[in-house]
Amino acid sequence: MAMSRAQRVKILIVLGMMSLLTALSGSSTNLAMPRISEDLMISSSAATWIVSIGLITTAVLLVMFGHIGDLVSKNLVFLIGEVVFIVGSLLTGIAPTYLTIMAGRVVQAVGSAMIMANSMGIISQYFPDANRAEALAVISMFVSLGSISGPAFGGILITWASWRWIYLFNVPVGILIVLAGMRLLPLRRPAHGEIKRVWQQANWTGQNLFTGGMILMFVSGYWLQQPKQLWLGVGILAGGILLTILAFIQDQRSRSPWIAPSIMHNPDYLISVSVLLIVMLVNSVSNILLPFYLQSYSGISAFASGLLMMLQSVTMLMITPFAGWLADHWNRYYLTILGLFVLIVSQIGYASYPAKIAMTPIIWPIVANGAGMALFLSPNNALTMGAVDSSLSGVAGSMNSLARTVGLTIGISFGATLLFAQLPGVTRISPQSGEPFLHALATVFWLATLVSVVGLVIVVFRSIRSYKSVTVRSKNK
């Protein structure tokens, strides 16, 4: 769609500001878990579900909202999602109990799903392939800025006020962004009965199978943490995986699939989203476990912990513009390989964290993690969206966001599960957790290193595959 540079800048501003706000909320929530655990008198492992429930809900709904955006209006679904996110933030901020906080997080996550499912599709709709990586890099910069501000801002609120303001802050700021979006984003009013028709024709059987499968997969972590119920957890996990696979099979055979068959038969696209899932899984392990190492085990304040953790996002913010420019002017495949290699190095650093606080061995893995993510994300996102037709950009973008969210959810759920499974009887991490905690932490990060190596193998294979494809096309000319 042809439009002026000024209009494109306006679109980037709206998308970027909402991405900043959601990233701010997410990164602050990670930091707040130890304090929420204390205030509500719940276990550390239960507190991690405040993060996980949001990610699970978002993952379940992403493809559905991406498909609806393609059929009705990406901009409309995006703006409605902003409103729902604000309502969920308000409910979470005023919630008096653990269960009501979880309910508020579910509402907030529905809004996040509507936003994330259509953001990349909107960019692909208005930006040609030659400039797409730079546009996506701008959005990544907003996300990084939110992630940077989240730990520092959240640390201030937790220390001097209350963790509740992490969510209440979203309300006034979110309203301003919604008002700006209504003025800046072009909106198409759906035809009479259009939404009802899309709703009635949708493949709800596939959606219900997918929802059930995702829920079973991630709640299995509760039983997997308990040695006496390990096999029950394994059975629930296997059932969830089976239901999820059946959901994709059923969807491709339905009359109105959520995911276009051309996407599911596109190897370039599928490889890109698969490796994104792996990278986000690895990255989220450190996001969920570092607060326990820094605050609960080492006794560092929430504010100081936030400053240390935000170094990852600061690094991403500094490198992302360069990575976005380089992705549009150099080989995108090589950049993803470099990013995965740096990410592997960072996981080895985490696995070697010391028993006593020493800033150098703590800081450099965090910085390396940010560098690896920055070098990987922009070129991989551009490769992903460039592999599909623009008419399918909504569902393609939502699948990309689904891979991102599922990776985050698996990393958080199973990172915490693997940690606490090694610490039977431990409900809260403390300085007295000692050597068993450090050993358990190292084990989780060594597993994350192994998963990173799998991701590196995949991107190297993708690069070789692309080179052979170009060579064949050149010989046929």
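Along the sequence shown, the residues carry numbers beginning at 1.
- Sorted by first then second residue, the side-chain hydrogen bond (donor to acceptor under 3.5 Å, both in side chains) pairs that include residues 442-463, not counting sequence neighbours, are Ser272-Arg462, Thr336-Arg462, Asn380-Arg462, Gln422-Thr443.
- For the pair Arg164 (side chain) and Gly93 (backbone), a donor-acceptor distance under 3.5 Å is present.
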| query | Could you go step by step and tell me if Ile337 and Tyr333 meet the side-chain contact (heavy atoms from CB on, under 4.5 Å) rule? | reply | CA-CA 7 Å; Ile337 293 173; Tyr333 297 98; 5.5 Å; no
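- When side chains are defined from C-beta on, Phe65 does not count as touching Met116, because their heavy atoms never get closer than 4.5 Å.
- The structure places CZ of Phe78 at 8.5 Å from CG of Asn118, a figure rounded to the nearest 0.5 Å.
- Between Ile101 and Leu40 there is a side-chain heavy-atom pair separated by less than 4.5 Å.
- Phe445 pairs by the ring pair (Phe, Tyr, Trp, His ring centres under 6.0 Å) definition with Tyr350, not counting sequence neighbours.
- The CD1 atom of Ile86 sits 7.5 Å away from atom CG of Leu21, with the distance rounded to the nearest 0.5 Å.
- To the nearest 0.5 Å, the span separating CG on Leu168 from CD1 on Ile94 amounts to 8.0 Å.
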| said: Pair Ile123, Leu15 - check side-chain contact (heavy atoms from CB on, under 4.5 Å), show working. | reply: CA-CA 9 Å; Ile123 288 178; Leu15 297 177; 3.7 Å; yes
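- Shown here for Met217 and Leu237, the closest heavy-atom pair between the two residues is O-CD1, 3.8 Å.
- For CE of Met359, the number of neighbouring non-hydrogen atoms (other residues, nucleotides, ligands) closer than 6.0 Å is greater than 12.
- Scored by the salt bridge (Lys or Arg N to Asp or Glu O under 4.0 Å) test, Asp39 finds no partners at all (sequence neighbours excluded).
- Closest heavy-atom contact between Val275 and Val459: CG2-CG1, 3.4 Å.
- In this structure the side chain of Gln312 never reaches within 4.5 angstrom of the side chain of Ser346, judged on heavy atoms.
- A donor-acceptor pair is defined here as one N or O able to donate and one able to accept, closer than 3.5 Å; no such pair exists between the side chain of Ser298 and the backbone of Gln295.
- Without hydrogens or angle criteria, Thr100 side chain to Ala95 main chain gives no donor-acceptor distance under 3.5 Å.
- Rounded to the nearest 0.5 angstrom, Leu61 CG and Met64 CE are separated by 5.0 Å.
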Using a 3.5 Å cut-off and no angle test, enumerate the donor-acceptor pairs between side-chain atoms of residues 280-292 and protein atoms at least two apart in sequence or in another chain.
residue : atom : partner : partner atom : Å
Ser284  : OG   : Met280  : O            : 3.2
Ser284  : OG   : Leu281  : O            : 2.9
Ser284  : OG   : Leu408  : O            : 3.3
Ser286  : OG   : Asn283  : O            : 2.9
Ser286  : OG   : Asn369  : ND2          : 3.2

| request: Under the side-chain hydrogen bond (donor to acceptor under 3.5 Å, both in side chains) rule, what do Ser89 and Gln108 come out as? Steps first, then yes or no, please. | output: CA-CA 6 Å; Ser89 297; Gln108 191 184 43; 2.9 Å; yes
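- The shortest side-chain heavy-atom distance between Leu377 and Leu276 falls under the 4.5 Å cut-off.
- The shortest side-chain heavy-atom distance between Leu308 and Ile300 falls under the 4.5 Å cut-off.
- Under the ring pair (Phe, Tyr, Trp, His ring centres under 6.0 Å) criterion, Tyr293 pairs with Tyr297, Tyr353, sequence neighbours left out.
- Only one option out of Val107, Leu62, Thr58, Val84 pairs with Ser112 in a side-chain contact (heavy atoms from CB on, under 4.5 Å); it is Thr58.
- Contact check for Val342 versus Phe376: no side-chain heavy atoms found under the 4.5 Å cut-off.
- With hydrogens and angles ignored, the 3.5 Å screen pairs a side-chain donor or acceptor of Ser352 with a backbone N or O of Ile348.
- Partners of Thr360 under the side chain to side chain donor-acceptor pair (under 3.5 Å) rule, at least two apart in sequence or in another chain, do not exist in this structure.
- With rounding to the nearest 0.5 Å, the separation of OG in Ser119 from NZ in Lys74 is 12.0 Å.
- Contact record, Pro354 with Pro361: CG-CG, 4.1 Å, taken as the closest heavy-atom pair.
- For the pair Trp364 and Val345, the minimum side-chain heavy-atom distance is below 4.5 Å.
- One finds the CE atom of Met18 at 5.5 Å from the CD1 atom of Ile177 (value rounded to the nearest 0.5 Å).
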| task | Report the C-alpha separation of Phe341 and Leu375 in whole Å, then their side-chain angles, then the decisive distance to 0.1 Å, and conclude whether the side-chain contact (heavy atoms from CB on, under 4.5 Å) test is met. | result | CA-CA 10 Å; Phe341 178 78; Leu375 291 170; over 6 Å; no
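- Put simply, the side chain of Ile362 reaches to within 4.5 Å of the side chain of Leu294, judged on heavy atoms.
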| task | Dump the intermediate steps for side-chain contact (heavy atoms from CB on, under 4.5 Å) on Ser25 and Phe85, then the final yes or no. | result | CA-CA 11 Å; Ser25 180; Phe85 176 82; 4.2 Å; yes
